[in-house]
2 protein chains.
Amino acid sequence: MTVTAALSTEKLTETLKILYDPTRLLLMKLLTEKEYCVCELVDMFEVSQPAISQHLRKYKKASLVYEERRGQWRYYRFNKTCEQRALVEQILSQLDENDEQLVKLRSKAEAITC
Amino acid sequence: MTVTAALSTEKLTETLKILYDPTRLLLMKLLTEKEYCVCELVDMFEVSQPAISQHLRKYKKASLVYEERRGQWRYYRFNKTCEQRALVEQILSQLDENDEQLVKLRSKAEAITC
DNA sequence: GCCTTATATAATAAAATGCTTATATACTAG
DNA sequence: CTAGTATATAAGCATTTTATTATATAAGGC
């Protein structure tokens, strides 16, 4: 059930440019699994809130995520209808589930109450 | 025949960091198809010889390519035994074969005598 | 309305990137 | 040995990136 390859050099490199950053790669991994609000992500990654917001803005600019406002929170999740979907999923599927950083992140994710 | 995913965050992002540059992405596409010597690549891409050499060095540092000296030339080709092979091939397979930059490059490749 | 919380944006400084020019190295031909 | 070609490396510079701090915006509770 492979999708036809049809990304331009520009679109492809734009996407890789987003995912080459470790924080953004792992963050995207999480966002493909479930939605998160910004404050949850800030608690999980060791960077400031503006840094997270800026990463999220990059995803959004590339149509990789949906943003949904609910009350005073904004929830983000992977946009499964984006044209880069296959690419993103293939890249993320290459990530070792036992990778130290990923494992650590997942355990933090469980502990968070926001 | 999918290969087991087992790349660390570090290895994965290192590879994406190499491929996010349009020149390096297209160059890698060519190198997965056949071997090239540096002067051929210089003629195909619109950058200086040192720029090409520097791109090639990045591949080599990440074990993505083999380098073979023959006479005064150095031939480069994709290293099919590298651990990032599946990742690289999946990424490259997402590239539209009709992409303008790729098509232009291929036509130049045919014309080159080095 | 006012205060608090959640989030985005702006400004800025530090680091990384990728190109160019200049130079070094290595092989070939004579 | 010398000159020419192929390639790598070094140095320098302009641009981009990313994080931080400071500030703005927007919603919720009182």
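Order of the sequence lines fixes the chain letters, A, B, ..., with proteins taken first and strands second; residue numbering starts at 1 for each chain. Computed from a predicted model, the values in this text were never measured in an experiment.
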For this session: Report yes if a side-chain nitrogen or oxygen of B:Ser53 is closer than 4.0 Å to either non-bridging phosphate oxygen (OP1 or OP2) of D:dT7; otherwise report no.
Result: no

Seminar exercise, completed: A:Glu67 atom CD is separated from C:dT9 atom C1', nearest whole Å, by 13 Å

For this session: Provide the closest heavy-atom pair for B:Ser53 versus B:Val38 in the form atom of the first, atom of the second, distance.
Result: OG-CG1, 4.2 Å

Exercise. Going through the distances and angles, do B:Arg106 and B:Glu97 end up as a salt bridge (Lys or Arg N to Asp or Glu O under 4.0 Å)?
Worked result: CA-CA 10 Å; B:Arg106 288 203 198 285; B:Glu97 274 300 323; 3.0 Å; yes

Problem set entry | Comparing A:Asp21 and B:Lys60 on DNA chain D - which has the more 5′ nearest nucleotide | B:Lys60

Problem set entry | C:dT17 OP1/OP2 closer than 4.0 Å to side-chain N/O of B:His55 | no

Restricting to nitrogen or oxygen on both sides, can you table the protein-nucleotides 15-17 of chain D pairs closer than 3.5 Å?
| from | atom 1 | to | atom 2 | distance (Å) |
| --- | --- | --- | --- | --- |
| D:dT17 | OP1 | A:Lys17 | NZ | 2.6 |
| D:dT17 | O3' | A:Tyr20 | OH | 3.4 |

Problem set entry | B:Met28-B:Leu105 co-clustered via ILVMFWY side chain contacts under 4.5 Å | yes

For this session: Round to the nearest Å and state the distance from A:Ile52 atom CD1 to C:dT5 atom P.
Result: 20 Å

Problem set entry | Nucleotide C:dC19, atom C1' - distance to CZ of B:Arg57 in whole Å | 13 Å

For this session: Look at the side chain of B:Lys108 and the backbone N and O of B:Met44, then say whether any donor-acceptor pair between them is shorter than 3.5 Å.
Result: yes

Exercise. Could A:Arg24 and A:Tyr59 be counted as a cation-pi pair, given that NZ or CZ must be under 6.0 Å from the ring centre and within 45° of the axis?
Worked result: no

Problem set entry | B:Phe45 CZ to D:dT7 P, straight-line distance once rounded to whole Å | 15 Å

Exercise. When you measure from the side chain of A:Val38, which nucleotide among C:dA8, D:dT7, D:dT18 comes out closest?
Worked result: C:dA8

For this session: Please state how far atom CD in B:Gln54 lies from atom C1' in D:dC13, giving the value in whole angstrom units.
Result: 13 Å

Exercise. Just by protein heavy atoms under 4.0 Å, how would nucleotides 23-30 of chain C read 5' to 3' in B, S and -?
Worked result: ---SBS--

For this session: Please report, rounded to the nearest Å, how far the C1' atom of C:dA16 is from the NZ atom of B:Lys61.
Result: 13 Å

Exercise. Cut-off 3.5 Å, side chains only: do B:Glu89 and B:Ser93 have a donor facing an acceptor?
Worked result: no

Exercise. Hey, mind stepping through B:Lys104 and B:Glu46 against salt bridge (Lys or Arg N to Asp or Glu O under 4.0 Å) and telling me if it holds?
Worked result: CA-CA 12 Å; B:Lys104 198 183 291 181; B:Glu46 280 155 8; over 6 Å; no

Problem set entry | Value in whole Å for how far the P atom of D:dT9 lies from CG of B:Leu56 | 11 Å

Problem set entry | Shortest non-hydrogen contact from A:Leu19 toward A:Val88 | CD1-CG2, 4.3 Å

Exercise. So what does B:Tyr75 touch, heavy atoms closer than 4.0 Å: a base, only the sugar-phosphate, or nothing?
Worked result: nothing

For this session: May I ask you to evaluate whether B:Ser48 reaches the phosphate of C:dC19, defined as a side-chain N or O under 4.0 Å from OP1 or OP2?
Result: no

Exercise. Expressed in angstrom and rounded to an integer, what is the separation of B:Trp73 atom CH2 from D:dT5 atom C1'?
Worked result: 8 Å

Exercise. Do B:Asn79 and B:Ser63 have a side chain donor and acceptor closer than 3.5 Å?
Worked result: no

